[in-house]
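Computed from heavy atoms alone, side chains included, the values below leave out hydrogens, waters and symmetry copies.
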Amino acid sequence: RKEVEQDPGPFNVPEGATVAFNCTYSNSASQSFFWYRQDCRKEPKLLMSVYSSGNEDGRFTAQLNRASQYISLLIRDSKLSDSATYLCVVNQKGGGNKLTFGTGTQLKVEL
Amino acid sequence: DTEVTQTPKHLVMGMTNKKSLKCEQHMGHRAMYWYKQKAKKPPELMFVYSYEKLSINESVPSRFSPECPNSSLLNLHLHALQPEDSALYLCASSPSGTGVIMNTEAFFGQGTRLTVV
């Protein structure tokens, strides 16, 4: 089983749609969780950290379920500019900061 | 300044060449990373430096040699690479090294696109 798993997609959605991405992680000792966004041929950029209580930033909502080892990202009112690959990232404490990336989920928002 | 700067942006090298990738950050971050990313794949961790000491080596071949001269700089020395080593090499930094408080979101440089011929 991979350490961090995501549905690779692609998710093709119309502009204005709501879309949800899921991520599961295998190491129960994982401590920090993030969603990154990566545009084609660019570096990953932090979208948001994921907190146990859930958190929201504008159109983006992240949720964490430690019991199920599951993280989600909800995007409301999708924009064309949201088209990118969304990477789930998990930090596994121990021996330094080991940030492990999921395989990424590709989103294409269409007119 | 929330930048991680990598040089060069592009590099073409032969299999017998020796070259170095450079990374710099001035955010006072104490953890720095090298990642390798192949096309349509996620970044794969290679090395982690925490407080200027190598803390993680993900079984990377010795033809890749990291160096952390000081808390702001991270180098990756390349020697006798293979064509399959062609990839985007990403440097990242995060605020804390080890410790109880995990403030570990990482900031990435734009990467060096390496082609081995």
Side-chain angles (χ1 to χ4, degrees), chain A residues 2-10 21 23-25 27 29-52 55 57 60 62 64 66 71 84-108, chain B residues 2-6 9-10 23 25 27 29-59 66 68 87-113:
Chain A
K2 289 182 181 172
E3 293 180 76
V4 183
E5 290 200 70
Q6 294 180 250
D7 181 343
F21 303 139
C23 171
T24 56
Y25 60 95
N27 187 340
S30 300
Q31 297 206 334
S32 305
F33 310 90
F34 310 94
W35 283 103
Y36 278 73
R37 170 199 170 125
Q38 187 170 25
D39 293 282
C40 188
R41 300 182 70 81
K42 298 283 190 182
E43 76 275 21
K45 291 190 176 175
L46 180 66
L47 180 66
M48 57 198 304
S49 302
V50 186
Y51 303 120
S52 297
N55 48 301
D57 183 1
F60 299 87
L64 168 63
R66 285 187 186 271
I71 306 156
T85 296
Y86 290 82
L87 296 154
C88 175
V89 182
V90 173
N91 183 317
Q92 301 172 40
K93 186 183 177 184
N97 295 328
K98 182 175 177 180
L99 293 172
T100 301
F101 283 75
T103 48
T105 299
Q106 189 179 9
L107 172 66
K108 294 181 181 178
Chain B
T2 56
E3 261 193 14
V4 177
T5 304
Q6 287 187 247
K9 287 190 169 35
H10 299 273
C23 176
Q25 58 88 13
M27 296 179 277
H29 288 176
R30 303 317 301 268
M32 294 186 77
Y33 312 78
W34 281 114
Y35 281 84
K36 173 182 176 179
Q37 187 173 26
K38 303 281 272 185
K40 299 191 186 301
K41 298 286 188 184
E44 292 180 3
L45 183 65
M46 299 175 73
F47 302 104
V48 180
Y49 272 83
S50 182
Y51 293 91
E52 299 161 52
K53 292 191 185 331
L54 183 64
S55 60
I56 296 177
N57 176 342
E58 290 286 276
S59 302
C68 188
L88 179 68
Y89 287 84
L90 293 160
C91 173
S93 70
S94 64
S96 62
T98 56
V100 175
I101 299 173
M102 302 297 287
N103 182 15
T104 56
E105 61 266 28
F107 298 87
F108 283 82
Q110 291 184 320
T112 295
R113 197 161 294 280

Ring geometry between Phe33(A) and Tyr25(A) (parallel below 30°, tilted from 30 to 60°, perpendicular above 60°): tilted
Structural part of Gln37(B) lying under 4.5 Å from a heavy atom of chain A: side chain
Residues in side chain to side chain donor-acceptor pair (under 3.5 Å) contact with Glu5(A), at least two apart in sequence or another chain: none
Of all pairs that satisfy salt bridge (charged side-chain N to carboxylate O under 4.0 Å, His left out), the ones with a partner from residues 38-50 of chain A, not counting sequence neighbours: Arg37(A)-Asp39(A)
Heavy-atom pairs under 4.5 Å with chain A, option from Lys41(B), Glu58(B), Glu44(B) with the top count: Glu58(B)
Under 3.5 Å donor-acceptor, Ser55(B) side chain and Val48(B) backbone: yes
Gln38(A) portion near chain B, given a 4.5 angstrom heavy-atom threshold: side chain
